[in-house]
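Structure first, commentary second.
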Amino acid sequence: MLKIYNTLSGKKEIFKPVEEGKVGMYVCGNTVYDYCHIGHARAMISFDVISRFIRHLGYELNYVRNITDVDDKIIKRAEENNESTQALTERMIAAQREDELRLGNKMPDREPKATEFMQEIIDMIQVLIDKGFAYHGASGDVYYRTEAFKEYGKLNNRKLEDMLAGARIDVEVAKEHPADFVLWKQAKEGEVSWPSPWGIGRPGWHIECSAMSTNCLGSHFDIHGGGPDLKFPHHENEIAQSEAATGKDYVNYWVHCGAVRVNNEKMSKSLGNFFTVRDVLAKYNPEVVRYLMVSSQYRSAIDYSDQSLNEAKVALERLYTALRGQAASAEYVPTEFTERFETAMKDDFNTAVAVSVLFELVRELNKAKTDNVAQAELLAAELLALADLLGLLKQDPEYFLQNSTVSEGLDEAGIQALIDERTQARKDKNFARSDEIRDELADQGIELLDSREGTSWTRR
RNA sequence: GGCCGGAUGGCAGAGUGGUCAUGCAGCGGACUGCAACUCCGUGAACGCCGGUUCGAUUCCGACUCCGGCCUCCA
């Protein structure tokens, strides 16, 4: 029995799909005007893990994640770069895909772009106007009439009256109510635009997700996810648009991941305190980043720092060390570890506990190595299978241990030459020279491990 | 000001009304030429004040502090 925390109710709820055996999940993707930062990575990885586990439970999942490729920031950035919006968005989409694959994500089943759903967007706006939920304002823009949707604010426990009182934003005169938001925006001279019944323009930010999600998954579907900063206003507005347009319940489970913080502040574009995925991957093996994300429960805030990355690296090394030189059987019978792992994951995708089970499995595996080779191989297979649900332990152990960080120091040949020299020194019982070489390598972050089979090394 | 979330051992991070999280670090031991890896053992925690209870870190209330959202942001 799967339980999911639903932002709408503020509680964990037993998951029951709209249609038996099938799950529709829509996740808000990125606005593609810049490279992904670590906060984006957290969201993408969280929902990737969620999608894997939902499939693991046997559901037929349809995972849709949009791409916002028309927006003010895109237009602005393209102007600054002196390129077309299309050239910019295509570049960023390719970069995002590359980052994501390096981080070990499986791609969503479908990635609709806003620009490909212009007719559906226009149709939905027209329905909203026809039903009295939208109006063509004096400015020429089309606005959503929040006062017409009586449940406005239900996702965030907000009341329209309170928002009026606390409104600090410049109230556009064209709006009937300060909380009203744009559905269709008039184009300025030279801006990318589409024809519509309300003149040449482009969609507001929120309407695209209502149009794409309902067109891809139907007007009522199971899970809608996104980052923590999307709860308001984006998701609130989506609910208002979709439920007003279709007259049906929109989404059953609203799922939001936690923020990534830097120095106790949220990492965000507007604060400028973000690290891009590619910056981080220039220093660390991508699986270290993934481990960091998965080692906390998806809803809790994560602190990002060199220290947290290093701790993630060391922990992941312990897992990989257990697999170094260890054969895994082709098949295995799930043990209590699998059961505990699955129980944790069924409890609102508690990856933190799931990961702890991996460590306990590794302890058993390490013990079995010396006295029960067959059991060790079974446990190794089980470890790999469970880790796969988190997208971890996908690399060759030897490769990972030698490349957990990206180093500009000695290359492999240089390291091997020193190891060979040391091996000879040890044969000659010249331990002074042997230790000297070991210290020399240690200074370069290379740690040696002697065993019967020879000496292997790990990048620290 | 409104709404939401959090406060756990040296650090990170789960969880529970009454025996274990887990990882790193520490301490003792085994293994090793010495190490490392690994294994065994071990110390260490639940912001503050009340309440409920035989018993609360866990439930309830107040307080303090921290973070998020309320404007674009995963």
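Quick note on labels: first sequence line is chain A, next is B, and so on, each numbered from 1. Bear in mind the structure is a predicted one, so any value in this text is a computation, not a measurement.
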Ignoring backbone atoms, test whether A:Arg318 places a side-chain nitrogen or oxygen under 4.0 Å from the OP1 or OP2 oxygen of B:rU38. yes

Spacing of A:Ile437 atom CD1 relative to B:rA36 atom P, expressed in whole Å: 19 Å

Are A:Lys231 and B:rG5 close enough that a side-chain N or O sits under 4.0 Å from OP1 or OP2? no

RNA chain B: A:Ile302 or A:Val314, which has the more 5' nearest nucleotide? A:Ile302

Check whether any side-chain N or O of A:Arg452 sits under 4.0 Å from OP1 or OP2 of B:rC37, and answer yes or no. no

Determine yes or no for a side-chain-to-main-chain donor-acceptor pair under 3.5 angstrom, with A:Asn6 supplying the side chain and A:Lys11 the backbone. no

Of the listed B:rC37, B:rA14, B:rG33, the closest approach to the A:Glu447 side chain comes from B:rC37

For the side chain of A:Gln297, starting at C-beta, report the closest nucleotide among B:rC37, B:rC70, B:rA14. B:rA14

Please confirm whether the shortest side-chain N or O distance from A:Asn350 to OP1 or OP2 of B:rG15 is below 4.0 Å. yes

Toward the 5' end of RNA chain B, by each residue's nearest nucleotide, A:Gly39 or A:Arg422: A:Arg422

A:Trp457 side chain near B:rA36 phosphate (N/O to OP1/OP2, under 4.0 Å): no

Between the side chains of A:Tyr250 and A:Ser210, is a donor N or O closer than 3.5 angstrom to an acceptor N or O? no

Does A:Ser356 contact B:rG13 through a side-chain donor or acceptor facing the base, at a distance under 3.5 Å? no

Among the nucleotides B:rC73, B:rC72, B:rC34, whichever has the atom closest to the side chain of A:Asp229 is B:rC73

With heavy atoms under 4.0 Å as the rule, sort A:Ser270 into base, sugar-phosphate or nothing. base

Distance check: side-chain N/O of A:Lys266 vs OP1/OP2 of B:rC69, anything under 4.0 Å? yes

Are any of the side-chain nitrogens in A:Glu287 or A:Lys394 under 4.0 Å away from the carboxylate oxygens of its partner? no

Scan A:Val357 against the nucleic acid and name what it touches under 4.0 Å (heavy atoms): base, sugar-phosphate only, or nothing. nothing

Is there, by distance only and without an angle test, a donor paired with an acceptor across the side chain of A:Arg363 and the base of B:rC39 below 3.5 Å? no

Spell out yes or no: do the side chain of A:Arg324 and the base of B:rC37 have one donor N/O and one acceptor N/O closer than 3.5 Å? no

Side-chain N or O of A:Asn366 less than 4.0 angstrom from OP1 or OP2 on B:rC39? yes

